[in-house]
Amino acid sequence: MNNTLVAIIVEGNAEQAIVDVLLEHHALIFEREELLQEEVIRTRSASSFSKKYLNKSMNKMVKIYRVLDSKKENFKLSKAYQKKVELPINNLYTTPEIEILFILYHNDYNKYKRSKIKPSLFVKQNYSDLDKVKSYKDAFGFWDSHFSDLIHALKKYRSSNPDNAALYDIINEDTKRRIG
């Protein structure tokens with residue numbers, strides 16, 4: 001991707017923490033140095049993203065990855081900015097919420113399904129050590145110290161959602177081989 005910059009856009013603190021953990025462990029198909037401004041981006045609106053990041057002269061194309069839980073969220077770039085972006089835009093889903101990874105980590109997916117509540121609430125009710133799952137610091141700390149478990153949870157999520165692109169799709173082959 002040497003002639004391309006990567007924009008990885010996330011919804012919230014937990015998503016940002018997980019992507020930062022993956023970057024810290026060199027587990028993605030790109031490195032932090034290849035990121036637009038070398039950071040994970042939280043600007044979710046296409047218009048705001050364009051004004052803040054694409055409104056500059058650049059000699060590289062931008063490849064966009066969006067980590068989100070809803071297929072309903074639009075990200076339509078104006079024609080003026082589309083020429084700076086490598087299309088299509090890549091949506092990586094964490095449906096119903098990123099906290100599903102904690103549930104997969106604890107092997108409680110069936111218990112969660114029977115509960116009929118949101119993953120974030122299920123996690124709060126069932127795992128006392130994870131009561132601030134939406135906090136960047138707590139999510140980063142947890143997954144950083146359980147890195148191989150994060151890769152396994154991402155793989156489980158991917159295999160249970162074969163029709164949706166997911167974070168596991170941008171894990172590099174070396175990490176997949178090492179951790180399985």
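Model, not experiment: these values are computed from the prediction. Position 1 is the first residue of the sequence; numbering continues from there.
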A.B. asks: Would you compute the distance between atom CG of Asn90 and atom CG of Asp169 and round it to the nearest 0.5 angstrom?
C.D. replies: 9.5 Å
A.B. asks: Donor-acceptor pair, distance only, cut-off 3.5 Å: does the side chain of Asn3 make one with the backbone of Lys60?
C.D. replies: no
A.B. asks: Go through the steps to decide whether Asn91 and Val67 satisfy the test side chain to side chain contact (heavy atoms under 4.5 Å, CB included), and finish with yes or no.
C.D. replies: CA-CA 6 Å; Asn91 293 321; Val67 179; over 6 Å; no
A.B. asks: Please answer whether the main-chain N or O of Gly12 pairs with a side-chain N or O of Arg44 as donor and acceptor at a distance below 3.5 Å.
C.D. replies: no
A.B. asks: Can you give me the closest heavy-atom contact between Ala14 and Ala139, atom names plus distance?
C.D. replies: CA-CB, 4.1 Å
A.B. asks: Any donor-acceptor pair under 3.5 Å linking the side chain of Asn164 with the backbone of Asn161?
C.D. replies: no
A.B. asks: Counting heavy atoms not belonging to Lys56, are there more than 12 under 6.0 Å from its NZ?
C.D. replies: yes
A.B. asks: Kindly say whether Leu54 contributes a backbone atom to a donor-acceptor pair with the side chain of Lys84 at under 3.5 angstrom?
C.D. replies: yes
A.B. asks: As a quick check of understanding, evaluate side chain to side chain contact (heavy atoms under 4.5 Å, CB included) for Asn172 and Leu28, giving each step before the final call.
C.D. replies: CA-CA 5 Å; Asn172 65 46; Leu28 297 176; 5.6 Å; no
A.B. asks: Is there a side-chain contact between Ile18 and Phe140 in this structure, where contact means two heavy atoms from C-beta onward sitting under 4.5 Å apart?
C.D. replies: no
A.B. asks: Identify whether Ile170 and Met61 are in the same connected component of the hydrophobic contact network (ILVMFWY, side-chain heavy atoms under 4.5 Å).
C.D. replies: no
A.B. asks: Please answer whether the main-chain N or O of Ser45 pairs with a side-chain N or O of Ser48 as donor and acceptor at a distance below 3.5 Å.
C.D. replies: no
A.B. asks: Can you tell if the side chain of Ile100 reaches within under 4.5 Å of the side chain of Ile98, non-hydrogen atoms only?
C.D. replies: no
A.B. asks: Take Phe122 and Asp108 through the side chain to side chain contact (heavy atoms under 4.5 Å, CB included) test and state the conclusion after the steps.
C.D. replies: CA-CA 10 Å; Phe122 182 88; Asp108 279 341; 4.1 Å; yes
A.B. asks: Looking only at heavy atoms, which two atoms of Thr175 and Ala27 are closest? And how far apart?
C.D. replies: OG1-CA, 3.3 Å
A.B. asks: Quick one: pull up NZ in Lys83 and OG in Ser78 and give me the separation to the nearest 0.5 Å.
C.D. replies: 8.5 Å
A.B. asks: Counting C-beta onward and ignoring hydrogens, is there a side-chain heavy-atom pair between Val85 and Ile64 closer than 4.5 Å?
C.D. replies: yes
A.B. asks: When rounded to the nearest 0.5 angstrom, what distance separates CG in Leu101 from CG in Asp149?
C.D. replies: 11.5 Å
A.B. asks: Out of curiosity, Thr43 OG1 to Lys52 NZ, how far, rounded to the nearest 0.5 Å?
C.D. replies: 4.5 Å
A.B. asks: Can you get from Ile117 to Leu104 by hopping between Ile, Leu, Val, Met, Phe, Trp and Tyr side chains that sit under 4.5 Å apart?
C.D. replies: yes
A.B. asks: Identify whether Leu87 and Leu5 are in the same connected component of the hydrophobic contact network (ILVMFWY, side-chain heavy atoms under 4.5 Å).
C.D. replies: yes
A.B. asks: Are any of the side-chain heavy atoms of Val123 and Ile103 separated by less than 4.5 Å?
C.D. replies: yes
A.B. asks: With a 4.0 Å cut-off, would you call Arg66 and Glu73 a salt bridge?
C.D. replies: yes
A.B. asks: Could you check if a side-chain atom of Lys134 sits within less than 4.5 angstrom of a side-chain atom of Asn13, using non-hydrogen atoms only?
C.D. replies: no
A.B. asks: Quick one: does Glu38's side chain have a donor or acceptor within less than 3.5 Å of a partner on Leu35's backbone?
C.D. replies: no
A.B. asks: For Trp143 and Ala153, work out which heavy atoms get closest and say how close.
C.D. replies: CH2-CB, 4.4 Å
A.B. asks: I need the Arg42 CZ to Ile8 CD1 distance, nearest 0.5 Å.
C.D. replies: 13.0 Å
A.B. asks: Has the side chain of Ser145 got a donor or acceptor atom that lies under 3.5 Å from a matching backbone atom of Gly141?
C.D. replies: yes
A.B. asks: Is it true that Glu39 and Arg32 make a salt bridge, defined as a side-chain N closer than 4.0 Å to a carboxylate O?
C.D. replies: no
A.B. asks: Name all pairs fulfilling the ring pair (Phe, Tyr, Trp, His ring centres under 6.0 Å) condition that reach into residues 144-180, sequence neighbours left out, sorted by first residue then second.
C.D. replies: His25-Phe147, Tyr105-His146, Phe142-His146
A.B. asks: Do side-chain atoms of Thr4 reach the backbone of Lys63 as a donor and acceptor pair under 3.5 angstrom?
C.D. replies: no
A.B. asks: Are Ile29 and Tyr65 side-chain neighbours, meaning at least one heavy-atom pair lies under 4.5 Å?
C.D. replies: yes
A.B. asks: Which residues pass the side chain to side chain donor-acceptor pair (under 3.5 Å) test with Tyr112, sequence neighbours left out?
C.D. replies: none
A.B. asks: If I take atom NZ from residue Lys113 and atom CG from residue Asn110, how far apart are they, to the nearest 0.5 angstrom?
C.D. replies: 9.5 Å
A.B. asks: Do the side chains of Leu68 and Ile9 get nearer than 4.5 Å, heavy atoms only?
C.D. replies: no
A.B. asks: Would the distance check show the side chain of Glu97 and the main-chain N or O of Lys118 forming a donor-acceptor pair, the cut-off being under 3.5 Å?
C.D. replies: no
A.B. asks: Under a 4.5 Å cut-off applied to non-hydrogen side-chain atoms, are Ile171 and Leu167 in contact?
C.D. replies: no
A.B. asks: Do Leu36 and Phe49 pass the side chain to side chain contact (heavy atoms under 4.5 Å, CB included) test, and can you show the C-alpha distance, the side-chain angles, and the key distance before you say yes or no?
C.D. replies: CA-CA 11 Å; Leu36 193 60; Phe49 173 80; 4.1 Å; yes
